[in-house]
Amino acid sequence: MSLKQQFTFMADYNAWMNGNLYRLAAELDDGDRSRDLGAFFGSIEGTLNHILVADIMWVNRFRVHPARYRCLDALDHFPTPTTLSETLYPSFAELHQARDTMDRVIAELIEASDEQDYAVPLHYRNVKGEPLTRAFGPLLMHLFNHQTHHRGQASTLFNQLGVDVGVTDLLVRIPNQGPE
C-alpha cells in the first residue's frame with residue numbers, strides 16, 4: 001500500500017469516526033456534552049473542539065507546501081486559533097458543521113497530493129513559536145494519529161455517560177478479503 005493509499009484510507013476512517021462521535025454527541029443534551037468529566041480538555045465537546053483546533057493549526061501549516069493545494073483555501077472560512085483549547089464556535093451545531101467541512105478539506109488534500117509531495121520538508125512554528133522542519137508525510141501521519149488519540153479519550157467520556165460508541169477499530173473500515 002502506498003503512502004497516498006494509506007492517507008486516503010486514514011482520511012476516510014477519520015471522517016467516518018468523527019461522524020459517529022458527532023452523531024452521538026448531538027444526541028446528548030448540552031449539559032452532558034459540555035460537562036467536565038476530568039479529561040485533558042474537560043468534556044466531550046471540549047475534546048472534539050480540541051481535535052478541530054489542532055487540525056486547523058496543522059492544515060494551515062500545510063499551506064506553505066510548494067504544491068499550493070487549492071483545497072486549503074477553504075481554511076479562509078475557519079477561525080485562526082492561538083491556543084490548543086480555544087473554543088472555536090458558540091454552538092455545537094456550528095462545531096459539527098466545521099468538523100464536516102474540515103474532514104472534506106483533509107480528504108481533498110490527500111486527493112490532491114502525491115507520493116513526491118510527502119517527502120517535501122515543511123518549515124513551521126509550533127504553538128510555542130519554535131521553528132521546526134519536518135517532511136510533509138510524517139506531519140500528515142501525526143494529524144491522523146492525533147485525531148485517533150483524542151477520539152479515544154472522547155470514547156471514554158461517552159462511556160462515563162453510559163453511551164456505547166460501538167466499534168472504533170480501524171479494521172472495521174478494511175474490507176474483508178475472504179477466507180485464507
Side-chain angles (χ1 to χ4, degrees), residues 6-63 71-72 74-111 124-128 138-174:
Q6 290 177 52
F7 291 143
T8 299
F9 178 70
M10 289 304 298
D12 172 71
Y13 169 74
N14 280 316
W16 173 73
M17 269 310 305
N18 288 334
N20 286 346
L21 292 184
Y22 272 81
R23 177 184 49 78
L24 290 170
E27 293 172 3
L28 296 173
D29 64 42
D30 290 342
D32 281 343
R33 193 172 42 246
S34 62
R35 183 184 316 157
D36 188 338
L37 296 170
F40 196 73
F41 294 97
S43 65
I44 290 170
E45 190 165 349
T47 301
L48 296 176
N49 177 78
H50 165 72
I51 297 168
L52 183 60
V53 164
D55 285 358
I56 291 169
M57 288 178 168
W58 277 112
V59 177
N60 265 314
R61 291 171 183 152
F62 300 160
R63 294 176 98 168
C71 59
L72 300 186
L75 293 171
D76 293 342
H77 303 290
F78 282 85
T80 305
T82 57
T83 67
L84 292 171
S85 60
E86 183 174 332
T87 300
L88 297 177
Y89 297 98
S91 75
F92 180 74
E94 290 171 287
L95 180 67
H96 190 171
Q97 181 179 15
R99 174 77 264 164
D100 289 345
T101 301
M102 179 57 75
D103 286 340
R104 282 192 301 278
V105 168
I106 291 170
E108 291 169 6
L109 171 62
I110 301 307
E111 179 62 30
Y124 64 95
R125 293 189 178 274
N126 65 15
V127 293
K128 295 177 184 173
L139 294 176
L140 279 171
M141 286 181 199
H142 173 74
L143 175 88
F144 293 126
N145 185 65
H146 179 264
Q147 282 195 35
T148 299
H149 167 72
H150 285 292
R151 280 195 309 263
Q153 292 175 336
S155 295
T156 298
L157 300 177
F158 276 106
N159 186 268
Q160 288 177 13
L161 295 175
V163 176
D164 180 4
V165 299
V167 178
T168 63
D169 290 337
L170 181 67
L171 289 177
V172 300
R173 298 302 288 175
I174 300 174

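When a residue number appears, it is its place in the shown sequence, counting from 1. Computed from a prediction, not measured in an experiment: that's the story for all the values here. Computed over heavy atoms, backbone and side chain alike; hydrogens, waters and symmetry mates excluded.
A distance-only check finds a donor-acceptor pair linking the side chain of Asn49 to the backbone of Glu86 [under 3.5 Å]. Asp12 contributes no side-chain N or O that, together with a main-chain N or O of Thr8, makes up a donor-acceptor pair within less than 3.5 Å.
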Applying side-chain contact (heavy atoms from CB on, under 4.5 Å), run through Leu75 and Met102 and close with a yes or a no.
CA-CA 8 Å; Leu75 293 171; Met102 179 57 75; 3.6 Å; yes
Check step by step if side-chain contact (heavy atoms from CB on, under 4.5 Å) holds for Ile56 and Leu52.
CA-CA 6 Å; Ile56 291 169; Leu52 183 60; 4.0 Å; yes
Walk me through it: do Leu109 and Leu140 pass the test side-chain contact (heavy atoms from CB on, under 4.5 Å)?
CA-CA 10 Å; Leu109 171 62; Leu140 279 171; 4.2 Å; yes
For Phe78 and Leu88, run side-chain contact (heavy atoms from CB on, under 4.5 Å): C-alpha distance rounded to whole Å, both residues' side-chain angles, the deciding distance at 0.1 Å, then the answer.
CA-CA 9 Å; Phe78 282 85; Leu88 297 177; over 6 Å; no
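With sequence neighbours excluded, the residues forming a ring-ring contact (aromatic ring centres under 6.0 Å, His included) with Phe7 are Tyr118, listed by chain and number. Applying the salt bridge (Lys or Arg N to Asp or Glu O under 4.0 Å) test to Asp30 and every residue at least two apart in sequence or in another chain returns Arg33. Residues satisfying the salt bridge (Lys or Arg N to Asp or Glu O under 4.0 Å) criterion with Arg61, sequence neighbours excluded, are absent altogether. For Tyr124, the ring-ring contact (aromatic ring centres under 6.0 Å, His included) test picks out Trp58, with sequence neighbours left out.
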Show every donor-acceptor pair shorter than 3.5 Å between a side-chain atom in residues 159-169 and any protein atom, with sequence neighbours excluded, or say none if there are none.
| from | atom 1 | to | atom 2 | distance (Å) |
| --- | --- | --- | --- | --- |
| Asp164 | OD1 | Gly166 | N | 2.8 |

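At a threshold of 4.5 Å between non-hydrogen side-chain atoms, the residues Met10 and Gln6 do not count as touching. Inter-residue side-chain proximity for Val105 and Leu72 is flagged as met; some heavy-atom pair is nearer than 4.5 Å. A heavy-atom distance below 4.5 Å is not found between the side chains of Ile106 and Asn14.
Annotation: Phe40 is not in aromatic contact with His50 [ring centroid separation under 6.0 Å not met].
The two residues Pro79 and Tyr89 come nearest to each other via the heavy atoms CD-OH, 3.1 Å. Closest approach of Ser34 and Glu45 over heavy atoms only: CB-OE1, 4.2 Å. The minimum heavy-atom distance between Ala11 and Ala107, with the atom names listed, is CB-CA, 4.2 Å. Smallest separation of non-hydrogen atoms from Thr82 and Met57: C-CE, 3.8 Å. The shortest non-hydrogen separation linking Phe158 to Leu21 is CZ-O, 3.5 Å.
Among pairs with a residue in residues 98-107, those fulfilling side-chain hydrogen bond (donor to acceptor under 3.5 Å, both in side chains) read Asn18-Asp103, Asp55-Arg99, Arg99-Asp103, Thr101-Arg104, at least two apart in sequence or across chains.
Side chain to side chain, His142 and His149 fail the donor-acceptor criterion of an N or O pair below 3.5 Å.
Distance check, rounded to the nearest 0.5 Å: CD1 of Ile44 to OG1 of Thr156 gives 10.0 Å.
Aromatic ring orientation, Phe41 versus His150: perpendicular (interplanar angle above 60°, classes split at 30° and 60°).
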